[in-house]
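Here the structure is laid out as structure tokens; the discussion comes afterwards.
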Amino acid sequence: MGKSQQRELYNRLAVLVAHLLKWQYQPERRGSSWQKTIKIQRIDIKKLLKDNPSLKSQLNESLLECYEKAKLIAETETQLEVFPDQCTYSLVEVLDDRFYPD
């Protein structure tokens, strides 16, 4: 497993989680753009995992590690500082196409 694939997984998870945070904490700003970004990141993560099955063992750790970046992205893009210090989404939820936090 290459370092570039690990970085890609980390970055895609960070963007995905950032958008899930924005979705949850700014319901009045929800729109098709955020929804599409969430869908695209999930599709790309699944493709990355299919092409690099060894990354699956890194998923939980990557989710925990990327949360700080995801939180910072969400804070920067929303100007809010209300996000939890630790990720409250499970890996199953993050990757579930039907999951959009309330």
Side-chain angles (χ1 to χ4, degrees):
M1 161 178 52
K3 290 288 185 188
S4 64
Q5 287 85 10
Q6 287 176 322
R7 279 190 300 277
E8 183 178 354
L9 177 62
Y10 172 90
N11 288 324
R12 291 195 177 281
L13 280 170
V15 170
L16 173 56
V17 171
H19 276 75
L20 291 173
L21 287 168
K22 290 171 23 175
W23 186 273
Q24 181 175 1
Y25 287 89
Q26 280 195 312
E28 71 281 357
R29 305 238 13 220
R30 290 176 184 168
S32 63
S33 175
W34 287 0
Q35 192 172 26
K36 287 177 184 172
T37 298
I38 291 168
K39 286 181 180 182
I40 288 167
Q41 294 307 314
R42 285 175 170 156
I43 289 168
D44 288 346
I45 289 169
K46 288 173 185 170
K47 172 75 169 127
L48 182 62
L49 294 172
K50 181 179 177 189
D51 293 346
N52 302 278
S54 59
L55 287 175
K56 289 179 184 177
S57 65
Q58 302 280 322
L59 273 171
N60 281 318
E61 182 179 344
S62 293
L63 179 60
L64 295 174
E65 289 177 354
C66 81
Y67 184 75
E68 184 177 359
K69 180 178 179 176
K71 181 181 170 189
L72 183 58
I73 292 169
E75 287 174 345
T76 302
E77 293 180 2
T78 65
Q79 304 302 308
L80 298 175
E81 294 187 12
V82 297
F83 306 108
D85 289 332
Q86 295 182 347
C87 187
T88 59
Y89 313 130
S90 71
L91 183 58
V92 171
E93 289 171 328
V94 169
L95 298 178
D96 183 346
D97 293 333
R98 298 163 295 171
F99 175 73
Y100 289 85
D102 291 326

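If you're wondering where the values come from, they're calculated on a predicted model, not measured in any experiment.
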Checking Tyr67 side chain against Pro84 main chain: does a donor-acceptor pair fall under 3.5 Å? yes
Whether the side chain of Asp96 engages the backbone of Arg98 through a donor-acceptor N/O pair (distance < 3.5 Å, no angle test) should be reported. yes
From the options Thr37, Asp44, Ile38, select the one residue that forms a side-chain contact (heavy atoms from CB on, under 4.5 Å) with Ile40. Asp44
Please examine the side chains of [Y] and [X], heavy atoms only from C-beta on, and report whether any two atoms are closer than 4.5 Å.
X: Gln26; Y: Glu28; result: yes
X: Gln35; Y: Trp23; result: yes
X: Lys69; Y: Leu13; result: no

Identify, with sequence neighbours excluded, every residue that meets side chain to side chain contact (heavy atoms under 4.5 Å, CB included) alongside Asp85. Lys71
Taking atom [atom1] of [X] and atom [atom2] of [Y], what is their separation to the nearest 0.5 Å?
X: Arg12; Y: Leu48; atom1: CZ; atom2: CG; result: 7.5 Å
X: Leu59; Y: Leu55; atom1: CG; atom2: CG; result: 7.5 Å
X: Lys47; Y: Asn52; atom1: NZ; atom2: CG; result: 9.0 Å
X: Glu61; Y: Leu63; atom1: CD; atom2: CG; result: 11.0 Å
X: Ile73; Y: Glu68; atom1: CD1; atom2: CD; result: 11.0 Å
X: Leu9; Y: Gln5; atom1: CG; atom2: CD; result: 10.0 Å

Would [X] and [Y] show up in the same hydrophobic cluster when neighbours are defined by side-chain heavy atoms closer than 4.5 Å?
X: Val17; Y: Leu49; value: yes
X: Leu91; Y: Leu16; value: yes
X: Leu21; Y: Val94; value: yes

Evaluate the ring planes of Trp34 and His19, with Trp represented by its six-membered ring, and classify them as parallel (under 30°), tilted (30 to 60°) or perpendicular (over 60°). perpendicular
For a side chain to side chain contact (heavy atoms under 4.5 Å, CB included) check, start with the C-alpha distance between Arg30 and Tyr100, then their side-chain angles and the critical distance, and finish with the verdict. CA-CA 11 Å; Arg30 290 176 184 168; Tyr100 289 85; over 6 Å; no
Give the intermediate values and the outcome of side chain to side chain contact (heavy atoms under 4.5 Å, CB included) for residues Tyr89 and Leu20. CA-CA 9 Å; Tyr89 313 130; Leu20 291 173; 3.7 Å; yes
Testing the basics here: between [X] and [Y], what is the closest heavy-atom pair and its distance to 0.1 Å?
X: Lys46; Y: Asp97; value: NZ-OD1, 2.8 Å
X: Ala70; Y: Ala14; value: CB-O, 3.3 Å
X: Ala18; Y: Ala74; value: O-CB, 3.9 Å

Can you tell me if Lys36 has over 12 outside heavy atoms packed within less than 6.0 Å of its NZ? no
